[in-house]
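Values below: every heavy atom of this structure, side chains too, minus hydrogens, waters and symmetry copies. Index from 1, following the sequence.
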Amino acid sequence: MHRIILIALFLAATAAHAEEALSPEARIAALEAQVAALQKRLDEITAPARPAPAEAPSREKPGLSLGAVTVGGMIETQFSTAVGGSLRQPIFTGTKGNSDFVLTHAHPSIRATLNDKTSAYADWCMTHMGMTATYEAYLEHAASETVDVKAGRWLLPFGAWNSISNPAQFPTVSRPLMYLGHEERGIVLQGGPRPILNDEHSDIGLLVSGQKEMGAPILGYAAYVSNGFGDQFSNYPDAWIDYRANEDNNSHKSLGGRLSLTMGGLTLGASATGGKWDTENRYAYSIRGLDATWRNAGGLTLRAEYATNPVNRPADSGGRLRRHGWYAMADQRLSPKWNAVAMYSTLSESPTANVRTVSRLTLGADYRLADTATLKAEVGRLFIGRFIGDPTNAPQGTDYQDVTTLKMSTVVSF
């Protein structure tokens, strides 16, 4: 501000010396130019920083720093109960009862800084379907300000949700149906649509990503080669697909990428991946998606995403498979501690034996207990589509009840 005052005094003195040589009109024009220059300089000094892309922040927490090593993690406990309908219907898989209290996630993590450009990171889920699963384990190198390279196992850069799939990052208790995690595998339907990707889906390979400012817009990009999916698209008997448990079964590698464009509070994204899933490299699959995220200064965030998953299969495995899913979510910050959220998601698959489409509406709120602890609660209604199979061969029945559930979770990051 002192600099602006000095500039103003200098300009005023200069104008005073030249005053006699200028006409009144010229002096007015000169003063207007000086005022415009001062306003421009003031705007540059007081302008807010460029808004970050409307992507979610990094899933990693600061954790406990031990020199070059940072240890952190996340723990989530979840309680759920059916308050309308029943989760004991034969159409559901893996559901033990109408009420449950479980430790859904326990994720220790560690990051080691090797030098100013290179680091190593790993995190695990200690409660993944009764076993320990490695979610991420990679070396990361910042090749330049706009190029970042990861080698190892990393979160697949597909869509917007997978980047916020850690429970500490999203405001709902439940996930979109198209991206269900292992903690909700019990609501997947026997002979019904299956998730397009598991929540927090990761793969092994080489990933190159970064951001590039293009004036006002910011371009984000990611390109990768990875193992891809194994034999989970055949006519499998189980309703749940644990993609992470399916090892690479062929010599064909998957290629994929994502592009995003951020303009102010709006981010638009497009993602695609694909490859061959059978042992003989004959049958192809692909997953393609579009997403949008918008935030405003009032604390409102809107998200929407669509994905489609066509799969070529032999006739004896059910023929060509087609899956589609989408969700829309709105969350509003009510205060520094309170947040309200609503989400609708739907998932479809064809062909299926019993049900082609399932949808869910959830309404909830979360309360920040501390900087690293959040309490969430929601009410959700699961809408089960009509029976489309053969009524003479229907071991799961032909008439299904929609189910209303109450869920609560506590998420602690460290």
Side-chain angles (χ1 to χ4, degrees), residues 53-56 136 138 146-151 153-165 175-180 193-212 214 217-233 241 243-244 246 248-262 266-278 281-293 303-313 320-328 345-350:
E55 302 276 2
E136 293 184 273
Y138 58 79
T146 59
V147 179
D148 185 80
V149 181
K150 291 181 180 179
R153 177 178 284 277
W154 27 260
L155 286 179
L156 197 74
F158 186 92
W161 185 268
N162 212 39
S163 67
I164 61 168
S165 55
R175 281 77 168 164
L177 292 173
M178 58 198 281
Y179 296 143
L180 285 186
R194 299 153 177 88
I196 293 176
L197 286 175
N198 292 160
D199 187 45
E200 293 190 274
H201 182 76
S202 61
D203 204 351
I204 298 174
L206 183 69
L207 167 66
V208 179
S209 62
Q211 290 184 345
K212 176 68 174 178
M214 303 172 61
I218 300 175
L219 175 68
Y221 70 90
Y224 57 87
V225 56
S226 65
N227 283 340
F229 294 160
D231 185 15
Q232 63 262 332
F233 295 122
I241 310 172
Y243 293 104
R244 193 174 288 100
N246 283 273
D248 188 23
N249 64 344
N250 56 39
S251 60
H252 192 279
K253 296 305 174 185
S254 173
L255 300 177
R258 171 172 165 77
L259 288 174
S260 65
L261 186 65
T262 298
L266 174 66
T267 293
L268 302 175
S271 309
T273 187
K276 301 292 179 63
W277 61 268
D278 64 302
N281 295 324
R282 295 175 58 192
Y283 298 102
Y285 72 90
S286 67
I287 307 177
R288 304 183 296 271
L290 298 172
D291 61 87
T293 303
R303 295 184 178 94
E305 189 166 349
Y306 168 82
T308 181
N309 176 209
V311 181
N312 292 327
R313 301 186 303 182
R320 183 173 173 80
L321 176 70
R322 297 172 297 277
R323 287 188 290 182
H324 307 273
W326 65 269
Y327 73 86
S345 64
T346 185
L347 177 66
S348 299
E349 181 175 328
S350 179

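In terms of modelled atom types and a separation under 3.5 Å, the side chain of Asp278 and the main chain of Tyr283 share a donor-acceptor contact. In this structure a side-chain-to-backbone donor-acceptor pair under 3.5 Å is present from Asn309 to Ser286. At distances below 3.5 Å, not a single donor-acceptor pair connects side-chain atoms of Arg258 with backbone N or O atoms of Gly269. In this structure, the side chain of Ser202 does not engage the main chain of Arg153 through any donor-acceptor pair within 3.5 Å. Judged purely by atom type and a 3.5 angstrom limit, Arg323 uses its side chain to pair as donor or acceptor with the backbone of Pro195. Judged by distance alone, with hydrogens and angles left aside, the side-chain atoms of Asn162 form no donor-acceptor pair with the main-chain N or O of Leu155 at under 3.5 Å. Here the side chain of Ser271 pairs a donor or acceptor atom with the backbone of Gly159 at under 3.5 angstrom.
Residues forming a side chain to side chain contact (heavy atoms under 4.5 Å, CB included) with Ala284 (at least two apart in sequence, or on another chain): Lys276, Asn312. By the salt bridge (Lys or Arg N to Asp or Glu O under 4.0 Å) test, Lys212 pairs with no residue at all, sequence neighbours left out. By the side chain to side chain contact (heavy atoms under 4.5 Å, CB included) test, Leu261 is found to be paired with Pro217, Met263, residues two or more places apart in sequence or in another chain being considered. Judged as a salt bridge (Lys or Arg N to Asp or Glu O under 4.0 Å), and not counting sequence neighbours, the contacts of Arg282 are Glu280. Looking at residues two or more places apart in sequence or on another chain, you find no ring-ring contact (aromatic ring centres under 6.0 Å, His included) involving Phe158. Applying the side chain to side chain contact (heavy atoms under 4.5 Å, CB included) rule to Ser226 yields the partners Trp154, Asp203, Tyr224, Ser254; only residues at least two apart in sequence or on another chain are considered.
Across all their heavy atoms, Ala160 and Ser163 have their closest contact at O-OG, 2.7 Å. Minimum interatomic distance between Glu305 and Asp291 (heavy atoms only, all atoms of both residues): CG-CB, 3.8 Å. The two atoms that bring Leu259 and Tyr221 nearest to each other are CD2-CB, 3.8 Å, heavy atoms only. The nearest pair of heavy atoms linking Arg194 to Glu349 is N-OE1, 2.9 Å. Residues Ser260 and Thr267 come closest through the heavy atom pair CB-CG2, 4.1 Å.
Taking 4.5 Å as the limit, some side-chain heavy atom of Arg303 sits within range of a side-chain heavy atom of Ile164. Side-chain atoms of Tyr138 and Leu206, non-hydrogen and from C-beta on, never get closer than 4.5 Å to each other. The shortest distance between side-chain heavy atoms of Leu347 and Ile196 falls below 4.5 Å. Side-chain contact between Phe229 and Leu197: present, with at least one pair of heavy atoms (C-beta onward) separated by less than 4.5 Å.
Taking OG1 from Thr308 and CD1 from Ile287, the interatomic distance works out to 9.5 Å, rounded to the nearest 0.5 Å. Distance check, rounded to the nearest 0.5 Å: CG of Leu290 to CG of Leu268 gives 9.5 Å. Put simply, CE on Met214 and CG on Leu219 are 5.5 Å apart, with the number rounded to the nearest 0.5 Å.
Relative orientation of the Tyr179 and Tyr327 rings is perpendicular, given thresholds of 30° and 60° on the angle between their planes.
Residues His324 and Tyr306 bring a donor and an acceptor atom of their side chains to less than 3.5 Å of each other.
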Exercise. Give the intermediate values and the outcome of side-chain contact (heavy atoms from CB on, under 4.5 Å) for residues Trp161 and Thr293.
Key: CA-CA 10 Å; Trp161 185 268; Thr293 303; over 6 Å; no

